[in-house]
Structure formats: structure tokens, C-alpha cells
Amino acid sequence: MTDSLGRRIFVTVLGWAVALLLFFPIAWMVLTSFKSETQAVTASLFFTPTLASYAEVFSRANYLLFAFNSIAISLGGTVLALAFAIPAAYSMAFHPTHRTRGTLLWMLSTKMLPPVGVLVPIYLLFRSSGLLDTRTGLIIIYALMNLPIVVWMLFTFYKEVPHEILEAGRMDGANTWGEVWHLLLPLTLPGVASTGLLSLILCWNEAFWSLNLTSSQAAPLTAFIASFSSPEGLFFAKLSAASTMAVAPILIFGWFSQKQLVQGLTFGAVK
């Protein structure tokens, strides 16, 4: 019993230590955002809090426009990715062919390609089609960026569903879309929800495409952060304030949705 208690204490302390280590950069960023520029270059924990950096950030940039762009693009990219991934994962999970495994591996291999390798052709395509600096353009590129991960996750969840359930639906007269909508989605809703949450977070944090395919009208919060770096150097207090304002919405959202995310990611793990 003593060994069990000691093991639990050790695991608890280790868990808190890892959590504090991971959270420390975010906490330091928030603290720095309340410092002046002079205080920001020091590592002291004792300072006089000020909102000057936040006031200057609001005066220099339209934060609400950047935030609206991030919300619209992240939601749009996630919905579009799910719209393509759900039927694709259904087909590969319940109607596999000899090419299914190769297709899944090929889709996953596209994530190994550096985005800068396809920047020029995508930029030229967007310019010729009028999608530069538009929310529609970023929604398309974000959906394509996350599509392999979304398909893989949904495929894993769908493989856990017994085929007999869908066969029973077919015997009752359900067509393909009826199987997906009335049987498959309700059974795998935790997995679909966690996949959507992960895609939303990845879209929110994406910086490469937003910096290269937008300028002002459709720029999300990642571009908002980058706008506070200048040739004169980094102004740490203002940059920390801008970063805090950019990550706060997704941190709050992630905190309230962590139960659903963990539940979905462990869907099917225990029978």
C-alpha cells in the first residue's frame, strides 16, 4: 500500500512538473505583455503592471477584423475538410480495395512536403483565379492542408464500427447517404467532433500560408502577430500583448472543449 501511495504521489508530481514546464512560455508571454518595453528585456518577476502595450496594439491594428478572419477561415476550413473527408473515410473503411492502403499512405506522405516547395505554383494559381488576400482562398488551402490528417483520423474511427450495423441499415432500405447520416455519424460523433476540434486548432495556428497569401483584407491573427515585428527589432512587450490577444480565444476554446477532445481521441480504445 505504501508503494502504491508513493507511486501515485510521484506520478502526480511528475504530471504537474510537465504541465508547468509546458505552460511556462505562455505564462511568461502573458506577464511580459503587462510590462513596459524597458521592463520586458529583463527577466524580473517584479514589475509595475501596465496596459500601455495593449492600448498601442489596439491603436495600431484592427484586432476585431483579424479575429473575425481567423474564426471564419478556421471554421470554414474545418467544415470543408470534414465535408470531403467523411465520404472518403467511409469509402475506404467500409468498401476497401487493393489501393486503399496505398492511397492512405500517399495522403499521409503529402504532409512531409515542405509548404515552401509548392508556394510558387499555389501563389500563381491564386493570383490568376483572384483568390489572393481572400477568406475563400485561405479556407481552401487550410482544408487541403488538413485533409490527410482528417481522413486518417476518421478512417481510424470508422474502422471501429461493426459492419453488421450498416448491413442492418441496408436491409431496412437505407441508401449510402442514409447509412452515413443516420447510422455512421451518430455512432462516431465523438470521433468526428475531436477531429473537427483538432482541425480547427491547426487552422487557427497556421502561419505560413496566411503570411504569404494575404496582405490586409483576409489576414488572420497569425499575420496580426507578425505585423508587430519590425526592422528596428522586436518590441517584446507589444509583441507579447499581440500574441496573448491572438492565442487567448483558442486557449479558452481548448480549455472548455478538452473533455470532448480527449473523449473523441480515445473513442474505441476500450471495448
Minimum side-chain heavy-atom gap [X]-[Y] below 4.5 Å:
| X | Y | answer |
| --- | --- | --- |
| Tyr142 | Thr78 | no |
| Leu251 | Ile26 | yes |
| Ser53 | Ser33 | no |
| Ile149 | Ser199 | no |
| Tyr158 | Val192 | yes |
| Thr222 | Phe66 | no |

* Less than 6.0 Å separating the ring centroids of Phe34 and Tyr54? ->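 Yes; Tyr54 has its ring centre under 6.0 Å from that of Phe34.
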
Hey, any chance [X] and [Y] share a hydrophobic cluster, counting ILVMFWY side chains that come within less than 4.5 Å of each other, even indirectly?
| X | Y | answer |
| --- | --- | --- |
| Leu51 | Val30 | yes |
| Leu113 | Val151 | yes |
| Phe155 | Leu187 | no |
| Ile139 | Met145 | yes |
| Trp16 | Phe24 | no |

Could you state the interatomic distance from [atom1] ([X]) to [atom2] ([Y]), rounded to the nearest 0.5 Å?
| X | Y | atom1 | atom2 | value |
| --- | --- | --- | --- | --- |
| Thr103 | Arg101 | OG1 | CZ | 11.5 Å |
| Leu64 | Met245 | CG | CE | 8.0 Å |
| Asn146 | Cys203 | CG | SG | 4.5 Å |
| Ser210 | Asn69 | OG | CG | 10.5 Å |
| Thr100 | Met92 | OG1 | CE | 7.0 Å |
| Phe208 | Leu213 | CZ | CG | 8.0 Å |

* To do: For the pair Leu185 and Ile86, evaluate side-chain contact (heavy atoms from CB on, under 4.5 Å) and give the outcome as yes or no after the intermediate values.
  => CA-CA 9 Å; Leu185 286 181; Ile86 288 174; 4.0 Å; yes

* Tell me, with the steps shown, if Thr214 and Trp209 meet side-chain contact (heavy atoms from CB on, under 4.5 Å). => CA-CA 8 Å; Thr214 63; Trp209 294 112; over 6 Å; no

Would you confirm whether [X], through its side chain, and [Y], through its main-chain N or O, come within 3.5 Å as a donor-acceptor pair?
| X | Y | result |
| --- | --- | --- |
| Ser194 | Gly191 | yes |
| Ser91 | Ala88 | no |
| Ser36 | Gln39 | yes |
| Thr244 | Ser240 | yes |
| Thr134 | Leu131 | yes |
| Trp204 | Ser70 | no |
| Ser74 | Ile71 | no |

* To do: Determine the interplanar angle of the Phe58 and Tyr63 rings, folded into 0 to 90°, and report it as parallel if under 30°, tilted if 30 to 60°, perpendicular if over 60°.
  => perpendicular

Which atom pair, heavy atoms only, marks the closest approach of [X] to [Y]?
| X | Y | result |
| --- | --- | --- |
| Ala246 | Leu221 | O-CD1, 3.7 Å |
| Ala219 | Asp133 | N-OD1, 4.3 Å |
| Phe47 | Leu31 | CZ-O, 3.7 Å |
| Leu184 | Thr188 | O-OG1, 2.8 Å |
| Val150 | Ala85 | CG1-CB, 3.4 Å |

* Among all residues two or more places apart in sequence or in another chain, which pass the salt bridge (Lys or Arg N to Asp or Glu O under 4.0 Å) test with Glu206? ->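 Partners of Glu206 under the salt bridge (Lys or Arg N to Asp or Glu O under 4.0 Å) test: none.
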
* To do: With sequence neighbours left out, write down each residue that passes salt bridge (Lys or Arg N to Asp or Glu O under 4.0 Å) with Arg170, or none if nothing qualifies.
  => Glu179

* **Whether over 12 other heavy atoms sit under 6.0 Å from Glu167 CD** => yes

* **Arg60, CZ atom: more than 12 neighbouring heavy atoms under 6.0 Å** =>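 Count over threshold, so yes.
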
* Yes or no on side-chain contact (heavy atoms from CB on, under 4.5 Å) for Phe126 and Ile141, after CA distance, side-chain angles and deciding distance? -> CA-CA 10 Å; Phe126 272 47; Ile141 199 68; 4.2 Å; yes

* To do: Report the C-alpha separation of Arg135 and Phe68 in whole Å, then their side-chain angles, then the decisive distance to 0.1 Å, and conclude whether the side-chain contact (heavy atoms from CB on, under 4.5 Å) test is met.
  => CA-CA 10 Å; Arg135 298 187 190 100; Phe68 175 78; 3.6 Å; yes

* To do: Give every residue pair that meets the ring-ring contact (aromatic ring centres under 6.0 Å, His included) criterion with at least one member in residues 78-99, sequence neighbours excluded.
  =>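 Only Tyr90-Phe94, Tyr90-His95, Phe94-His163 qualify under ring-ring contact (aromatic ring centres under 6.0 Å, His included).
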
* Flag this pair as yes if the NZ/CZ of Lys35 is under 6.0 angstrom from the six-membered ring centre of Trp28 and inside a 45 degree cone about the axis; otherwise no. => yes

